[in-house]
Peer 1: 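Pasting a structure here, questions to come.
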Amino acid sequence: MPLLENGRLVEDRWTTVGSDDTLPTTGPVIVPLDRLEDGLARPAGEKLGVALPSDADVAVLRAALPRLALVAVTFPTFRDGRAFSQARALREHLDFAGEVRVTGRPLPDQYEFLLRCGASTVQLPDGADPAVWAQAHERFTTAYQPSVRDERAEGFGLRRFLGQAAN
Amino acid sequence: MSAEILATPDTGAAPVGHYAYDQVDRAFLHDRVEQFRDQVARRLSGALSEDEFKPLRLMNGLYLQLHAYMLRVAIPYGILDSRQMRELAHIARTYDRDYGHFTTRQNIQFNWIRLEDTPDILARLAAVDMHAIQTSGNCIRNITCDQFAGAAVDELLDPRVHAEILRQWSTLHPEFSFLPRKFKIAISGSPNDRVAARFHDIGLVAKPGRHGTVFDVFVGGGMGRTPVVGVHLRDNLPEEDLLAYLEAMVRVYNEYGRRDNIYKARIKILVQALSAEGYREKVDAEFAAMDRARYRLPPETVAAIRARFGTPVLDAPSDAADRLAEARRTDALFDRWVRTNTHPHRAAGYISAVVSLKPDGGIPGDATSAQIDAIADIADRFSFGEIRISHMQNIVLGHVRQDQLHALWQELGRAGLASANIGLIGDIIACPGLDYCSLANARSIPIAQKLSARFANPALQERIGDLQIKISGCINACGHHHAGHIGILGVDKKGEEFFQLTLGGSAGNDAAIGQILGPALPEDATVDAIAHLVDAYLVHRTDGERFLDTYRRLGAALFKDAVYALA
Amino acid sequence: MDVRNNRRQAGGSSVVTANRLLDGRIVWLAEDGAWSGRIDAAQVFSNDGIEAVIDTATRRQQADGVVGVYGVQIGDDSTTPVPVTVRERIRAFGPTVHPEFATLTEGPPDVR
Ligand code: HEM
Ligand code: SF4
């Protein structure tokens with residue numbers, strides 16, 4: 001599936017494994033939360049990611065986080081906004097600096113929100129038009145509240161400048 | 001963003017009573033309109049399904065109702081200026097059927113809007129610094145406020161600056177735009193609750209503390225099918241922690257609120273499930289863990305936003321009060337209107353006037369474009385161009401010179417807006433009901449019209465005194481029937497309309513949920529039933545007792561007999 | 001879709017309705033598969049075959065520019081179809097509080 005980063009398509013180097021798949025011993029893999037232990041049992045240098053279900057508390061990753069290069073959050077439907085809070089808690093509470101990947105069925109109109117909550121990449125849902133997503137990223141130059149990206153203030157009040165500083 | 005928008009000059013003096021936009025705010029609104037224009041185009045081309053488009057249009061206030069699209073325009077903290085008011089009249093004339101409906105959430109709704117026209121309507125609104133952002137959808141909705149803010153004599157602190165801060169903070173909030181359900185915040189600065197703080201998802205009461213402004217916080221109130229009086233979560237929240245604490249409150253809700261059942265998704269259900277203590281613990285844990293510096297609301301920010309509010313110069317002549325007294329002595333009709341339709345002002349020689357949108361036999365909250373224009377003109381002449389929408393579906397002119405009140409009243413009379421019934425039985429709240437609303441069980445408006453015609457006699461209304469009738473066309477309770485002294489709820493029985501009466505509700509400091517009186521009545525028996533309730537009250541009240549007090553003193557049995565004994 | 005909208009008896013007949021995508025106005029499925037703003041132009045279907053008609057119309061929604069297709073039970077004793085519920089009578093004939101917006105000027109005077 002196409003992967004979007006900063007409004008551009010990028011190559012996806014990660015393999016996502018399901019609950020019953022065999023786990024490759026090398027290479028970057030994303031394991032489901034219930035196989036986190038298996039993942040951690042791989043050699044220390046191998047890149048590991050975990051897929052967090054939307055009802056999980058990010059705090060369950062606290063111990064494993066130093067070993068994780070990626071956490072995937074998901075939208076069962078675009079209406080279910082828990083992934084926004086999970087992404088933000090990963091950045092803000094756990095100081096996670098790796099990749100936060102969005103999976104599931106988000107809408108392009110949610111893209112800027114996702115970035116401002118700390119997401120790095122989006123696995124585009126089937127049939128998504130990357131141009132519409134890219135446009136959504138450029139739509140606004142101002143936001144009205146602080147975010148985990150710590151954008152610079154714009155004028156007075158709470159406003160933040162989204163422009164190029166977003167990188 | 002277009003050069004044209006950037007070239008718009010900053011309009012000189014700040015509008016009285018609300019925040020003045022600057023170029024950045026205007027560019028943002030412009031971008032928002034263009035975003036919606038694209039979304040509409042994607043919908044029309046089929047790129048977006050109705051299911052995907054719906055939340056996007058709802059976040060721009062566009063519903064699909066029974067007969068057409070309905071557009072709900074935000075009036076942040078209920079305040080607008082005459083220039084904005086005239087634009088609303090223009091939209092009613094050009095894109096709708098020449099009228100608008102002011103709602104209990106201090107918004108205005110247009111009932112006959114075309115999807116095709118909506119981007120242009122939003123562009124026209126943006127040109128006067130207005131929008132429909134977050135007037136619907138599962139996000140933080142329009143922030144509501146006391147209709148006498150900044151004017152009332154009993155006020156401790158003008159809450160509008162903080163209401164504006166909350167408006168900005170919640171606008172396209174990245175984390176809180178897809179909550180389990182809608183989220184409503186009200187803020188007041190008076191110890192006398194006029195915003196129904198205990199009936200909101202979050203209610204805030206601002207007051208001066210020892211080191212600046214502090215807030216009392218209520219959570220988990222609401223109406224709908226499970227009416228709940230909100231619980232007191234916190235006292236004396238310091239201003240600089242306001243946003244951080246709200247972030248924590250809403251985040252806990254976003255994480256734990258139910259998403260499996262739309263009727264159990266409001267924060268009130270979460271607070272009940274966790275208990276107030278349990279919810280408070282989670283919020284406090286979140287508050288402790290978060291990066292508080294990031295969300296700190298520094299005094300300079302508050303000051304910068306306050307500086308963009310115009311303040312009225314209140315310099316009434318010293319004989320203003322005497323001249324009002326004189327006018328009242330010589331004009332009995334005017335005197336009656338002053339008794340019912342004004343509210344004391346903090347400044348000498350001033351008064352707040354309430355313009356009733358409840359004419360005898362009329363539709364509560366409706367105003368024609370001509371009336372909307374007339375109110376704009378009157379506001380320019382008498383109240384610094386400032387207009388307020390109350391949650392009682394009326395209009396307030398906040399700062400009126402007492403010596404000019406008689407002239408104001410005469411102008412209102414010419415526009416058909418001088419009904420003297422504020423707080424009385426004619427001042428009925430009614431939701432749109434089955435005449436417009438796709439969720440309705442029964443029609444609310446015709447009941448309101450029949451009641452207000454039946455009790456049209458102003459002397460009778462004054463004799464009955466303080467009595468709030470609130471009507472909802474279904475259990476969603478948009479007409480606040482749970483909080484009415486007399487509540488009327490429309491129910492559906494095999495496709496026909498029936499009405500259930502509740503007694504004893506209140507939205508104020510003595511907030512209470514009305515109790516069901518008995519079996520639902522057919523439409524033609526409902527108005528008579530209310531008349532019997534009123535008769536019973538008049539017989540049994542003691543001196544100075546409101547309907548609500550008599551009900552609370554004597555209980556339901558007496559009233560039950562009055563309605564059902566004959567049947 | 002709200003179950004209330006779909007309330008139908010076993011026997012009897014129904015008409016099919018939706019809202020137009022562009023302006024939201026109420027439309028009724030007419031004889032030739034076109035959508036009309038007037039219920040008196042609506043084709044009347046026996047309830048036996050109505051689900052199939054609704055299915056077909058639902059599949060054509062995007063092409064036809066309508067949303068929210070459903071069936072409305074009508075009474076069987078008049079030339080103009082008259083829905084059996086107050087809600088659908090208000091949809092068919094206009095809001096009762098604004099007689100000047102009636103959809104059929106010659107329609108049944110009392111929609112209740
Ligand atoms: C005509 C279109 C409208 C629709 C479809 C609509 C829909 C709803 C729904 C579904 C609820 C229940 C929410 C819940 O409990 O989860 C609700 C509550 C509410 N609505 Fe409306 N409404 C409409 C018009 C209005 C109007 C005109 C007003 C103001 C007069 C209004 C004010 C409110 C208020 C105050 C509540 C209850 C308070 C609360 O629990 O939040 N609504 N509305
Ligand atoms: S209470 Fe029911 S009928 Fe009235 S406006 Fe709300 S949803 Fe519609």
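Below, chains carry the letters A, B, ... as their sequence lines are ordered, and counting in each starts from 1. Quantities reported herein were computed from a predicted structural model and do not represent experimental measurements.
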Peer 1: Could you tell me which portion of B/L64 (side chain, backbone, both or neither) has an atom closer than 4.5 angstrom to a non-hydrogen atom of chain C?
Peer 2: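 Contact with chain C is through the side chain of B/L64 alone.
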Peer 1: May I ask you to decide if the ring planes of B/W112 and C/F101 are parallel, tilted or perpendicular, using 30° and 60° as cut-offs?
Peer 2: perpendicular
Peer 1: Using heavy-atom distances under 4.5 Å, tell me whether B/Y95 contacts chain C through its side chain, its backbone, both, or neither.
Peer 2: neither
Peer 1: Out of curiosity, B/R114 CZ to C/R25 CZ, how far, rounded to the nearest 0.5 Å?
Peer 2: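 Answer rounded to 0.5 Å: 7.5 Å.
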Peer 1: Considering only NZ, NE, NH1 and NH2 on the basic side and carboxylate oxygens on the acidic side, decide whether B/E497 and C/R89 come within less than 4.0 Å.
Peer 2: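 No.
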Peer 1: What part of B/E116 gets closer than 4.5 Å to chain C, counting heavy atoms only: side chain, backbone, both or neither?
Peer 2: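 For B/E116, the contact with chain C is made by backbone and side chain together.
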Peer 1: Under 3.5 Å, is there a donor-acceptor pair between the side chain of B/D435 and the main chain of C/T96?
Peer 2: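 At least one qualifying donor-acceptor pair exists.
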Peer 1: Check the surroundings of atom NZ in B/K450: do more than 12 heavy atoms from other residues, nucleotides or ligands lie under 6.0 Å from it?
Peer 2: yes
Peer 1: In terms of heavy-atom proximity below 4.5 Å to chain C, should B/D366 be classed as side chain, backbone, both, or neither?
Peer 2: side chain
Peer 1: Please rank B/E50, B/R97, B/Q449 by heavy-atom pairs under 4.5 Å with chain C and give me the top one.
Peer 2: B/R97
Peer 1: Taking all non-hydrogen atoms of both residues into account, name the closest pair between C/Q62 and B/R43 and its distance.
Peer 2: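 Taking every non-hydrogen atom into account, OE1-NH1, 2.7 Å.
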Peer 1: Counting heavy-atom pairs closer than 4.5 Å to chain B, which one of C/L22, C/V67, C/I26 comes out on top?
Peer 2: C/L22
Peer 1: Is any side-chain heavy atom of B/L44 closer than 4.5 Å to one of C/L21?
Peer 2: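 With C-beta onward as the side chain, the pair touches.
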Peer 1: Top residue by heavy-atom pair count (under 4.5 Å) with chain C, among B/L115, B/V40, B/T118, B/I113?
Peer 2: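 Ranked by contacts with chain C, first place is B/L115.
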Peer 1: Would you say the side chain of B/Y69 lies within less than 4.5 Å of the side chain of C/R20, judging by non-hydrogen atoms?
Peer 2: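 They are not in contact (no side-chain heavy atoms under 4.5 Å apart), so the answer is no.
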Peer 1: Chain B: which of C/P83, C/G65, C/A63, C/G24 shares the most heavy-atom pairs with it under 4.5 Å?
Peer 2: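 Going by pairs under 4.5 Å, I would pick C/G24.
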Peer 1: Give the C-alpha distance, both sets of side-chain angles, the deciding distance and a yes or no for side chain to side chain contact (heavy atoms under 4.5 Å, CB included) between C/T85 and B/E496.
Peer 2: CA-CA 6 Å; C/T85 63; B/E496 296 303 320; over 6 Å; no
Peer 1: What distance separates C/N19 CG from B/S438 OG, expressed to the nearest 0.5 Å?
Peer 2: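 Rounded to the nearest 0.5 Å, the CG-OG separation comes out at 8.5 Å.
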Peer 1: Do C/I90 and B/H67 have side chains that get closer than 4.5 Å, going by heavy atoms?
Peer 2: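 In contact.
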Peer 1: Measuring heavy-atom distances to chain C, does B/L434 have an atom under 4.5 Å in its side chain, in its backbone, in both, or in neither?
Peer 2: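 Backbone plus side chain of B/L434, per the 4.5 Å heavy-atom cut-off to chain C.
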Peer 1: Can you find a heavy atom in the side chain of B/I363 that is under 4.5 Å from one in the side chain of C/H98?
Peer 2: yes
